[in-house]
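This is a predicted model, so every value here is computed, not measured.
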Amino acid sequence: MGCTSEPIRVLVTGAAGQIAYSLLFSIAKGDVFGKDQPIILLLLDITPMLPVLEGVVMELQDCALPLLREIVPTDKEEVAFKDLDAAILVGSMPRKEGMERKDLLKANVAIFKSQGAALEKYAKKTVKVLVVGNPANTNCLIAAKSAPSIPKENFSCLTRLDHNRARSQVAMRCGVPATHVKNVIIWGNHSSTQYPDVHHCLVNMSGSDLPCFDAVKDDTWLKGDFISTVQQRGAAVIKARKLSSAMSAAKAICDHMRDIWSGTPVGEYTSMGVYSSGNSYGVPDNLIYSFPVQIKDKTWKIVEGLAINDFSRSKMDATAAELIEERDTAVAFLEV
C-alpha cells in the first residue's frame, strides 16, 4: 500500500438505485479517490430497499477488491453520516407522472433538510458533499443551509454530466476524441435552462488547439441545435431507454469527485454547481449555480475574467432566474 493507508469513509445515498449500481464499482475499485486509498463504503437507502441493497453488498463483496475495507448498508442517517470524508447524495424523490414541480420541491426539501442536519450532526466538518438527486442545485442549497457549521464551499452539485454531454457533441461534430475538447462551460441550473457555452472552448485538431467556433465552422448549429441537444439530452435518454441516465451519470459523478480529490489539469477547467457569493459574472448570491471552476488542494475557484457576450449573458440570466424561483419556493417550505 502507499502512504495513505488510513481508509476514508464515503457515503452513497439511494444506494440500491440504478445510478449507484453503475457507480459503486468504480468507487470501490479506486477510480475516484486514488489507486492506493482504502475505502469504507456507507450505503444508505430507504427501509423497503434494504433487501435489494443486501444484494448490492453481496456483489461488491464478490468483486474481491483490494481497497474496499468495509461495506455498511443502512437505513439510518446516524449510521450513514458518521465521520464522513465524502458524501454523494444520489437519492431523491423522483418526479411522478402528473406531479407538480412544486410538490417535487416540497418532498425533496424534506429529504435534503434531514440529510443536511445529519451532515451537521455526524459528519466531519471537512466532508465534501456532492448532490446528484434532482432538482440538484436547489437540493444542494437546502442541504448546505441545513448544515451551517460545514463550509458552503464543501457543497457542490452535479453538472459534469451536462459538461461531458457538451464536450462529446462538439467532439463528434469535429471527428475527434472527446479528450481533444476542453473548457466547455455549463452555466446555471441542471435543468433544461442550463447554458452550455463553447465561446471559450478549444478543440485539438491535428495537433493544435482551435477555438471551438473555428473548429466546428457552423455557428448556426453551435448557437441552436447544439445547445438544445445538450439541454434535452436527459429527456432523450429517458424516451429511448424508458429509464433515466445511469451509466453516464455515474461516470460524471466519478469525474466530479476525482477532480475534487486530485485537482483539474493545468490550463483546463470543468463545470460544477457551487455556492455563488460574489463573482465577476453578475450571478446573484446565495444560489448553487454551475460555473467554470479550477480545483487545487481539494478547493475550487471560479475561473474569472472570461468575456461574456450578449448572447451568453441572456442565457446565463435566464437560468439564474429559474434558480431564484426554485430557491424561493424551497426556502418557504424549509421554514414551515
*Is there a chain of hydrophobic side chains (I, L, V, M, F, W, Y, each step under 4.5 Å between heavy atoms) that links Val56 to Met247?*
no
*Please assess Glu120 against Ser146 for the test side-chain hydrogen bond (donor to acceptor under 3.5 Å, both in side chains), listing each intermediate value before the final yes or no.*
CA-CA 7 Å; Glu120 174 76 9; Ser146 305; over 6 Å; no
*Should Val331 and Lys145 count as side-chain neighbours, where that means a heavy-atom distance under 4.5 Å?*
yes
*asked:* So for atom CD, which belongs to Glu325, do other residues, nucleotides or ligands contribute more than 12 heavy atoms lying within a distance under 6.0 Å?
replied: no
*Heavy-atom pair with the smallest gap, counting every atom of Gly34 and Leu67*: O-CD1, 3.7 Å
*State whether a side-chain donor-acceptor pair under 3.5 Å links Thr229 with Gln169.*
no
*Between Trp187 and Tyr281, what is the ring plane arrangement, given parallel below 30°, perpendicular above 60°, and tilted in between?*
perpendicular
*Within 45° of the axis and under 6.0 Å from the centre of the six-membered ring of Phe311, does NZ or CZ of Lys315 qualify?*
yes
*Atom CZ of Arg327: over 12 foreign heavy atoms under 6.0 Å*: yes
*Run the side-chain hydrogen bond (donor to acceptor under 3.5 Å, both in side chains) check on Glu304 and Ser280 step by step: do they pass?*
CA-CA 6 Å; Glu304 298 286 8; Ser280 64; 2.2 Å; yes
*In terms of side-chain heavy atoms, does Asn189 have a donor or acceptor partner in Gln194 at a distance below 3.5 Å?*
no
_Within the 3.5 Å criterion, strictly below it, is a donor on Ser277 or Asp285 matched to an acceptor on the partner's side chain?_
no
*Is the closest side-chain donor-acceptor distance between Ser149 and Lys125 under 3.5 Å?*
yes
_Keeping Asn137 on the side-chain end and Gly188 on the backbone end, is there a donor-acceptor pair under 3.5 Å?_
yes
*asked:* Could you check whether any side-chain heavy atom of Lys102 comes within less than 4.5 Å of a side-chain heavy atom of Phe333, counting everything from C-beta outward?
replied: yes
*Any donor-acceptor pair under 3.5 Å from Lys242 side chain to Lys239 backbone*: yes
*Inspect the contact between Asp259 and Arg160 and indicate whether a charged nitrogen and a carboxylate oxygen are less than 4.0 angstrom apart.*
yes
*Let me see the working for Tyr195 and Ile186 under side chain to side chain contact (heavy atoms under 4.5 Å, CB included), right down to the final yes or no.*
CA-CA 6 Å; Tyr195 170 43; Ile186 303 295; over 6 Å; no
*Is Arg167 reaching over with its side chain to a backbone N or O of Ala178, donor-acceptor style, under 3.5 angstrom?*
yes
_Flag for Arg165-Ser245: side-chain donor and acceptor within less than 3.5 Å_ = yes
*Is there a donor-acceptor pair closer than 3.5 Å between any side-chain N or O of Gln231 and the backbone N or O of Pro196?*
no
*Out of curiosity, does Val283 fall in the hydrophobic cluster containing Ile288 (side-chain heavy atoms, cut-off under 4.5 Å, transitive links)?*
no
*Say whether Ser156 and His256, considering side chains only, have a donor N or O and an acceptor N or O under 3.5 Å apart.*
yes
_Would you say Asn154 and Lys298 are linked by a side-chain donor-acceptor pair, where the criterion is simply a distance under 3.5 Å?_
no
_Checking Asp219 against Phe213 for the side chain to side chain contact (heavy atoms under 4.5 Å, CB included) test, could you report, in this order, the C-alpha distance in whole Å, the side-chain angles of both residues, the deciding distance, and whether it holds?_
CA-CA 7 Å; Asp219 294 14; Phe213 279 84; 3.4 Å; yes
_Charged N-O contact under 4.0 Å between Asp85 and Lys124_ = yes
*Thr159 and Gly273: which non-hydrogen atoms are nearest, and at how many Å?*
OG1-N, 3.7 Å
*What do the steps show when you test Glu153 against Trp300 for side chain to side chain contact (heavy atoms under 4.5 Å, CB included), and what is the final call?*
CA-CA 8 Å; Glu153 294 70 42; Trp300 55 264; 4.2 Å; yes
*Compare every heavy atom of Pro135 with every heavy atom of Leu105, then report the nearest pair and how far apart it is.*
CD2-CG, 3.7 Å
_Geometric cation-pi criterion Lys121 and Phe81, 6.0 Å radius, 45° cone_ = no
*Is there a side-chain contact between Val72 and Leu43 (heavy atoms, below 4.5 Å)?*
no
*For atom NZ of Lys152, is the number of surrounding heavy atoms from other residues, nucleotides or ligands below 6.0 Å larger than 12?*
yes
*With a 4.5 Å limit on heavy-atom distance, are the side chains of Leu141 and Tyr275 in contact?*
yes
*Does NZ or CZ of Lys128 fall inside the cone over Trp261's six-membered ring, less than 6.0 Å from its centre and within 45° of the axis?*
no
_Non-hydrogen atoms of Ser271 and His163 that approach each other most closely_ = OG-ND1, 2.8 Å
*Could you tell me whether Asp310 and Arg313 have a side-chain N and a carboxylate O separated by less than 4.0 Å?*
no
_Pair Asn309, Ser312: side-chain N/O donor-acceptor within cut-off below 3.5 Å_ = yes
_Minimum-distance pair of heavy atoms, taken over all atoms of Met93 and Ala107_ = CG-CB, 3.8 Å
*Less than 4.5 Å apart, any side-chain heavy atom of Val12 and any of Leu44?*
no
*Examine distances only and state if a side-chain atom of Tyr269 and a backbone atom of Ile185 form a donor-acceptor pair shorter than 3.5 Å.*
no
*Same hydrophobic cluster for Phe112 and Val132, using side-chain heavy-atom links shorter than 4.5 Å among ILVMFWY?*
no
*asked:* So which atom in Asn183 and which in Glu268 form the shortest heavy-atom distance, rounded to 0.1 Å?
replied: OD1-CA, 3.3 Å
*With the side chain counted from C-beta on, respond yes when Asp218 and Phe226 share a heavy-atom pair under 4.5 Å apart, and no when they do not.*
no
*For Leu210, does its backbone N or O pair with a side-chain atom of Asp214 as donor and acceptor, under 3.5 Å?*
no
*Just do the side chain to side chain contact (heavy atoms under 4.5 Å, CB included) check on Leu65 and Phe25 with the steps written out, would you?*
CA-CA 9 Å; Leu65 295 162; Phe25 177 69; 4.1 Å; yes
*Are Glu77 and Ser114 close enough that a side-chain donor and a side-chain acceptor fall under 3.5 Å?*
yes
*If two hydrophobic side chains count as joined below 4.5 Å and joins carry through other members, does Ile111 share a cluster with Ile19?*
no
*Backbone N or O of Ala307 within a donor-acceptor pair of the His200 side chain at under 3.5 Å?*
yes
*Would Gln294 and Thr264 satisfy side-chain hydrogen bond (donor to acceptor under 3.5 Å, both in side chains), going step by step from the backbone distance to the final call?*
CA-CA 6 Å; Gln294 288 175 315; Thr264 46; 5.5 Å; no
_For a 4.5 angstrom cut-off between non-hydrogen side-chain atoms, does Leu222 reach Cys212?_
yes
*pair Ile150-Val127: side-chain heavy atoms closer than 4.5 Å*: yes
*Taking atom types as modelled, is there a side-chain donor on Asn134 or Asn139 under 3.5 Å from an acceptor on the other?*
no
*asked:* Is there a continuous path of hydrophobic side-chain contacts, each under 4.5 Å between heavy atoms, that joins Met205 to Met172?
replied: no
